[in-house]
Colleague: 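Let me begin by handing over the structure; questions about it come next.
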Amino acid sequence: MDFIRSMISRDLRTGKYGGRVVTRFPPEPNGFLHIGHAKSICLNFGLAEEHPGGRCHLRLDDTNPDTEKAEYVEAMKRDIRWLGFEWGEHLYHASDYFEQLYRYALVLIDKGLAYVDSSTMEEIRERRGTVTTPGVNSPWRDRPRDVNLDLFRRMRDGEFPDGSHVLRAKIDMAHRNMIMRDPLLYRIRHSTHYRQGDDWPIYPMYDFAHCLSDSVERVTHSLCTLEFENNREIYDWLLEHVDAPVPRPEQTEFAPLVLDYVITSKRKLKELVRTGHMRGWDDPRMPTLAGLRRRGVTPEAIRALCDMVGVARAQSRVDFGKFEFAVRDDLNRRAPRAFCVLDPLKVVITGYPAGREEIFRAPRMPGGDGRWGTRELPFGRELYIDREDFAETPPPGFHRLRPGGEVRLKYACTIRCDVVVKDGTGRVSELRCSFDPETRGGVAPKGRRVRGIIHWVKADRAVGAEIRLIDRMFRVAEPPPDDIVGALNPESGRVVAGALLEPGVAGAPPGTHYQFERHGYFFSDPKDSCDERLVFNRTVTMRDGWAGRVRNEAARVHGTRAPVALDDEAVGISPTGHRRSPEESLGSHRDKRRFGELRSLGVTEAAAASLVRSPAALQLFDAARPRYPQGAESIAAWLVNDFTRLLGSDDGADPARLDPAALGDLVRAVDAGEISHRQGRTVLAALLARGGSFAEARAAVDLTEIGDEDTLSALLQELVAEYPDKAAAYRAGRTGLLGFFVGRVMRRTDGKADPRAATRLAEAILTGDAKL
RNA sequence: UGGCCCGUCGUCUAAUGGCAGGACACCGGUCUUUGGAACCGGGGGUGGUGGUUCGACUCCACCCGGGCCAACCA
């Protein structure tokens, strides 16, 4: 289960959204959906399907009139449905909320939280500062509320030209998050919107429109990709300050799908289409859903890929092999087999009468249950095989046809190459072969096994076809963003005009999948293929074991790889060549002095450095010490470890509630052995949550500990009986399993068992030394 | 140079502080009328250094590496 599904389960358990799961898929209709969107679609719509009563809205995020078109909306709907998802009645447009959004903006202005800025674009940019320097306030920042209200109304009424004013949130021009430096909320744009026409001269910005649209639709989980992490702060800020109804939607980010050899920038894809490098959004080389569909990739394969890739926050890059696997795995089940000769080489069966024809039958699907039936393969004196299935000087391991060698024509018979005929240029133009009638239909008499098996077609019965050998779009896995065109794979659209197919393929309607045996999976082009001219796109090649062997052979010949030099940076050493101590990473002299004092008190190096860096913890340290003067080292350790941890993980923990005296007492009690470290942690959590003295907190929490040997051994005996294989594995040397048994004891006792006793007993019982 | 986020087999991804597991790729084998498919088996991993803990992929600190943010785009 991924982290988003875990989060939703948790929300369902705690009733955060009253049991509702409402997601949304919010594309901007400024281009076509691509494989990257597929991940988001599968996630959002998948989540809705998984939960009873769950919904996923399709919302067109159409707040920029200059880039959006109705045709893109239609394409998006088509592509989402093709993937197998349905939004039902929940089709929305951000542009339908313009009136509501406008009113929300008035609320912000009214609260003094938004203002009309009349600076130029350049001025705004300059005053924003940089990531390391604060911005400066706009001279228009303190306009009176009524002026703002009036100006904004007039902006809405269309009184001002583009770029003359913007509406901005009034937050903080020195904010460390650049996005929070008075973000723009509205801009003036006298453009015709594809749905709203000329009704609106002002348009909301993404940050303003998105959170509010989510809120209007009562979305619960607003999922987006990692690059919006920084925008979460403004998302929450806006919902809070317009007093959006609770519970409010919450944004969660996940890693986008990044696939080797693919780009998913709509802007760049659009550019490739515009410049004619691609023949449209649905060019079969394109990573768009329309392109993939036309190439023959199935929605099932795309969904399988998304399942394989998972959902996480780590930046990741998916191996292209995963995509290919998903496609092959699906097509293997659904694509009937056929013979296709891409590069024909004539074969004359010298012993076969010229006018004669016989029919061999072959299964449409191999190894199957016969439901797919059989196909007919006419055979005669003149055939074609693929040129690459013959080698005049075969490389080692090659077991297809060679001069004097034998090969099996699949489903027909074995032939032997007797004569190689060449044309004037020295190129092989024809093979004269003899055939063995005994081997007809695949019978192999006398135990004579022929290793090579190749496909073929009968010369006068084959049907011609155009085959587009679609290949990966780029030559390199990670095309450089500044030179996409230069990285294009010139081979990705290779066209073979004169391919020959077995006759049964002749009537294939557009949009039919085939596996052309030994070549790969192909799909008759939905647009260009017709009865008069068959056109097939290669969806994916077969997995190529031969290529792998050739590769290995080459590696063997070229010797072993050079040893890899470990560079210093990779092993965590600074460029200056030495490892910095915690002390050295301290900045000021004051900090260094404090560090020295702590060290002389007996505080460890690591703890001292941490304490110096954390003023709040340091203050607690100083205040707690009088209560336990000898315990400097322990107090420091508690502060930098358990205390910091509780602050980071527990929402209810408030350091202000912690009485330093209680902390001192706590640490002393642990050191004195009055309570265990574990129990100490429990008490500390209580102290952080509710305050009070050590004695009070200690009395308030349940500190019972099961140390009783009889109870623990009985439990362990049960566990050993329950998991005999684990116990055996432990005895066989998998000592890591001790933790498994101890863990189970802890779980069964609700965390109350004494882990030391449990560990000791588990060891004794497992090794059979159970005299205790 | 700031803030936020992220580092687990080659790749993607799991593991309430308690067995480092799965998938793709790779290698080997069985079978096979696709150098395909199927089936079986194998190797391979927690970025580094400290710390806390009975026990750390998980918590703490620092270091190293990567990503995002300075559009009147989304």
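Each chain gets a letter, A, B and so on, in the order its sequence line appears, and its residues count up from 1.
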Colleague: I'd like the P distance from B:G10 over to B:U1, given in whole Å.
Modeller: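 So the two P atoms sit 32 Å from each other.
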Colleague: Categorize A:Asp2 for me: base, sugar-phosphate, or nothing, with a 4.0 angstrom heavy-atom threshold over every strand shown.
Modeller: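 Answer is sugar-phosphate: A:Asp2 comes under 4.0 Å of backbone atoms only.
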Colleague: Could you state the CZ-P distance from A:Arg681 to B:U53, rounded to the nearest angstrom?
Modeller: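 So the two atoms are 8 Å apart, to the nearest Å.
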Colleague: With both distances kept under 3.5 Å, what pairs with B:C4, Watson-Crick or G-U wobble?
Modeller: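 In the structure as shown, B:C4 has B:G67 as its Watson-Crick or wobble partner.
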Colleague: Would you indicate, yes or no, if B:C73 has its OP1 or OP2 atom less than 4.0 angstrom from a side-chain nitrogen or oxygen of A:Arg267?
Modeller: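 The answer is no; no side-chain N or O of A:Arg267 sits under 4.0 Å from OP1 or OP2.
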Colleague: Any N or O donor-acceptor pair under 3.5 Å from the base of B:C12 to the side chain of A:Asp319?
Modeller: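 There is none.
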Colleague: Just checking A:Arg734: base, sugar-phosphate only, or nothing, at a heavy-atom cut-off of under 4.0 Å?
Modeller: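 Since a base atom lies under 4.0 Å of A:Arg734, the category is base.
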Colleague: What does A:Thr63 touch in the nucleic acid at a heavy-atom separation under 4.0 angstrom: a base, only the sugar-phosphate, or nothing?
Modeller: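 If one applies the 4.0 Å heavy-atom cut-off, A:Thr63 turns out to touch the sugar-phosphate alone, with no base involved.
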Colleague: Could you tell me whether A:Thr120 contacts a base, only the sugar-phosphate backbone, or nothing, with contacts defined as non-hydrogen atoms closer than 4.0 Å?
Modeller: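 Base contact - A:Thr120 has a heavy atom under 4.0 Å of at least one base atom.
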Colleague: Rounding to an integer number of angstrom, what distance separates B:C19 and B:G2 when you compare their P atoms?
Modeller: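 About 39 Å, rounded to a whole number of Å.
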Colleague: Checking contacts here: which listed nucleotide (B:C69, B:G36, B:G66) is nearest the side-chain heavy atoms of A:Gln315?
Modeller: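 Of the candidates, B:G66 comes closest.
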Colleague: For B:C57 and B:G7, measure between their C1' atoms and round to the nearest Å.
Modeller: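 Result for the C1' pair: 11 Å, nearest Å.
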Colleague: May I ask you to say what A:Arg125 touches in the nucleic acid, namely base, sugar-phosphate or nothing, with a heavy-atom cut-off under 4.0 Å?
Modeller: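 Counting heavy atoms under 4.0 Å across all strands, the contact made by A:Arg125 is with sugar-phosphate only.
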Colleague: Output the rounded distance in Å from CE (A:Met1) to P (B:U13).
Modeller: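 These atoms are roughly 17 Å apart.
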Colleague: Any side-chain N or O of A:Arg181 below 4.0 angstrom from OP1/OP2 of B:G2?
Modeller: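 Negative; the distance criterion is not met.
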Colleague: Looking only at the aromatic ring of each residue, does the gap between the centers of A:Phe325 and A:Phe320 stay below 6.0 angstrom?
Modeller: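 Not close enough - the centres of the two rings lie 6.0 Å or further apart.
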Colleague: What contact category does A:Phe741 fall into here, base, sugar-phosphate, or nothing, at under 4.0 angstrom with non-hydrogen atoms?
Modeller: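 Here A:Phe741 touches no strand at all.
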Colleague: Regarding A:Asn30, tell me which of base, sugar-phosphate or nothing describes its non-hydrogen contacts under 4.0 Å with the strands shown.
Modeller: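 If one applies the 4.0 Å heavy-atom cut-off, A:Asn30 turns out to touch nothing in the nucleic acid.
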Colleague: What distance, rounded to whole Å, do you find between the two C1' atoms, one in B:G50 and one in B:U11?
Modeller: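 Between the two C1' atoms, the distance is 31 Å.
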Colleague: Hey, does A:Arg744 reach any base, or is it just sugar-phosphate, or nothing, if we go heavy atoms under 4.0 Å?
Modeller: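 If one applies the 4.0 Å heavy-atom cut-off, A:Arg744 turns out to touch nothing in the nucleic acid.
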Colleague: Give the rounded distance in Å between these two atoms: NZ of A:Lys268 and C1' of B:C73.
Modeller: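 Rounded to the whole Å, the gap is 14 Å.
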Colleague: Under 4.0 angstrom, heavy atoms only, what part of the nucleic acid is A:Gly736 near: base, sugar-phosphate, or nothing?
Modeller: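 Counting heavy atoms under 4.0 Å across all strands, the contact made by A:Gly736 is with sugar-phosphate only.
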Colleague: Between B:U13, B:C6, B:U34, spot the one nearest the side chain of A:Ala312, thanks.
Modeller: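 Taking heavy atoms from C-beta onward, the closest nucleotide is B:U13.
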Colleague: For A:Asp329 and A:Arg176, take the nucleotide of RNA chain B holding the closest heavy atom to each; which residue's nucleotide lies nearer the 5' end?
Modeller: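 Nearer the 5' end of the strand: A:Arg176.
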Colleague: A:Phe740 and A:Tyr723: aromatic ring centres closer than 6.0 Å?
Modeller: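 Centroid distance A:Phe740-A:Tyr723: below 6.0 Å, so yes.
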Colleague: Rounded to whole angstrom units, what separation is found between the CZ atom of A:Phe228 and the P atom of B:G67?
Modeller: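 So the two atoms are 19 Å apart, to the nearest Å.
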Colleague: What nucleotide, of B:A14, B:C54, B:C4, holds the atom closest to the side chain of A:Arg756?
Modeller: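 Among the listed nucleotides, the one closest to the side chain of A:Arg756 is B:C54.
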Colleague: Suppose you measure atom C1' in B:A25 against the same atom in B:G45; what distance do you get, rounded to whole Å?
Modeller: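 Each nucleotide's C1' atom is 15 Å from the other's.
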Colleague: May I have the distance from A:Leu716 (atom CG) to B:G18 (atom C1'), rounded to whole angstrom?
Modeller: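 In whole Å, B:G18 C1' lies 13 Å from A:Leu716 CG.
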Colleague: Taking the nucleotide of RNA chain B with the nearest heavy atom to each, does A:Arg317 or A:Thr604 sit closer to the 5' end?
Modeller: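 First, find each residue's nearest nucleotide; the 5'-ward one identifies A:Arg317.
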Colleague: I'd like to know whether CZ of A:Arg267 has more than 12 heavy-atom contacts from other residues, nucleotides or ligands below 6.0 angstrom.
Modeller: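 Open.
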Colleague: Within the structure shown, what part of the strands sits under 4.0 Å from A:Val309 by heavy-atom distance: base, sugar-phosphate, or nothing?
Modeller: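 Sugar-phosphate: the residue A:Val309, judged by heavy atoms under 4.0 Å, touches backbone atoms but no base.
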Colleague: With a distance cut-off below 6.0 Å to the six-membered ring centre and an angular limit of 45° from the axis, does A:Lys726 pair with A:Phe741 as a cation-pi contact?
Modeller: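 No, A:Lys726 does not lie over the aromatic ring of A:Phe741.
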Colleague: Aromatic contact between A:Phe360 and A:Phe379, with the criterion being ring centroids under 6.0 Å apart: yes or no?
Modeller: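 Yes, close enough.
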Colleague: Identify whether the distance between the nearest side-chain nitrogen and carboxylate oxygen of A:Asp389 and A:Arg518 falls below 4.0 Å.
Modeller: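 A salt bridge is present here (some side-chain N lies under 4.0 Å from a carboxylate O).
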Colleague: Quick one: is the NZ or CZ of A:Arg375 closer than 6.0 Å to the six-membered ring centre of A:Phe339, and within 45° of its axis?
Modeller: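 Here A:Arg375 passes the 6.0 Å and 45° test against A:Phe339.
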Colleague: Is the centre of the A:His399 ring less than 6.0 Å from the centre of the A:Trp546 ring?
Modeller: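 Centroid separation for A:His399 and A:Trp546: 6.0 Å or greater.
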Colleague: Counting only side-chain heavy atoms from C-beta out, which of B:G2, B:C73, B:A23 sits nearest to A:Thr132?
Modeller: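 The listed nucleotide nearest to A:Thr132's side chain is B:G2.
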Colleague: Among the nucleotides B:A37, B:A70, B:G18, which one has an atom lying closest to any side-chain atom of A:Val742?
Modeller: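 The closest nucleotide is B:G18.
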Colleague: Side chain of A:Ala314 only, heavy atoms from C-beta on: which candidate in B:G7, B:U52, B:A70 is closest?
Modeller: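 For the A:Ala314 side chain, the nearest candidate turns out to be B:G7.
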Colleague: Would you kindly give the CE-to-C1' distance between A:Met746 and B:C54, to the nearest whole Å?
Modeller: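 In whole Å, B:C54 C1' lies 9 Å from A:Met746 CE.
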Colleague: Using the P atoms only, state how far B:G28 lies from B:C60, rounded to an integer number of Å.
Modeller: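 Roughly 45 Å separates the two P atoms.
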Colleague: Under 4.0 angstrom, heavy atoms only, what part of the nucleic acid is A:Val311 near: base, sugar-phosphate, or nothing?
Modeller: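 Sugar-phosphate: the residue A:Val311, judged by heavy atoms under 4.0 Å, touches backbone atoms but no base.
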Colleague: Looking only at atom P, what distance separates B:C27 and B:A61, rounded to whole Å?
Modeller: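 The answer is 44 Å between these two P atoms.
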Colleague: Measuring centre to centre across the rings, with the benzene-like ring taken for any Trp, is A:Tyr186 within less than 6.0 Å of A:Phe152?
Modeller: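 Yes - the distance between ring centres of A:Tyr186 and A:Phe152 falls below the 6.0 Å cut-off.
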Colleague: Look at all strands and tell whether A:Val166 reaches a base, only sugar-phosphate, or nothing, counting heavy atoms closer than 4.0 Å.
Modeller: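 Touches a base.
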Colleague: Just checking A:Ser119: base, sugar-phosphate only, or nothing, at a heavy-atom cut-off of under 4.0 Å?
Modeller: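 The residue A:Ser119 makes base contact.
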Colleague: Which is true for A:Arg232 with a 4.0 Å heavy-atom rule: it touches a base, it touches only sugar-phosphate, or it touches nothing?
Modeller: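 If one applies the 4.0 Å heavy-atom cut-off, A:Arg232 turns out to touch nothing in the nucleic acid.
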Colleague: Has A:Arg678 got a side-chain N or O lying under 4.0 Å from the OP1 or OP2 atom of B:U53?
Modeller: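 Answer no for this pair, as no side-chain N or O of A:Arg678 is under 4.0 Å from OP1 or OP2.
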Colleague: Do A:Asp544 side-chain and B:G35 base share a donor-acceptor contact under 3.5 Å?
Modeller: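 No such pair is found, so the answer is no.
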Colleague: Does A:Arg518 put a side-chain nitrogen or oxygen below 4.0 Å from OP1 or OP2 of B:G35?
Modeller: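 A:Arg518 to B:G35 OP1/OP2: side-chain N or O found under 4.0 Å.
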Colleague: What interatomic distance, in whole Å, is found between P of B:A20 and the corresponding atom of B:G55?
Modeller: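 Going atom to atom, P in each nucleotide, I get 16 Å.
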Colleague: Looking at B:G35 and A:His399: do their rings stack (centroid distance under 5.5 Å, interplanar angle under 30°)?
Modeller: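 It does: the two rings, one from A:His399 and one from B:G35, meet the stacking criterion.
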Colleague: Roughly how many Å is it from CH2 in A:Trp638 to C1' in B:G51, rounded to a whole number?
Modeller: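 That distance rounds to 14 Å.
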Colleague: Kindly point out which of B:C69, B:G35, B:C60 is positioned nearest to the side chain of A:Thr644?
Modeller: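 Per side-chain heavy atoms of A:Thr644, the pick is B:C60.
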Colleague: Using atom CZ of A:Arg400 as one end and atom P of B:G35 as the other, report the distance to the nearest whole Å.
Modeller: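 Those two atoms, CZ and P, are 8 Å apart.
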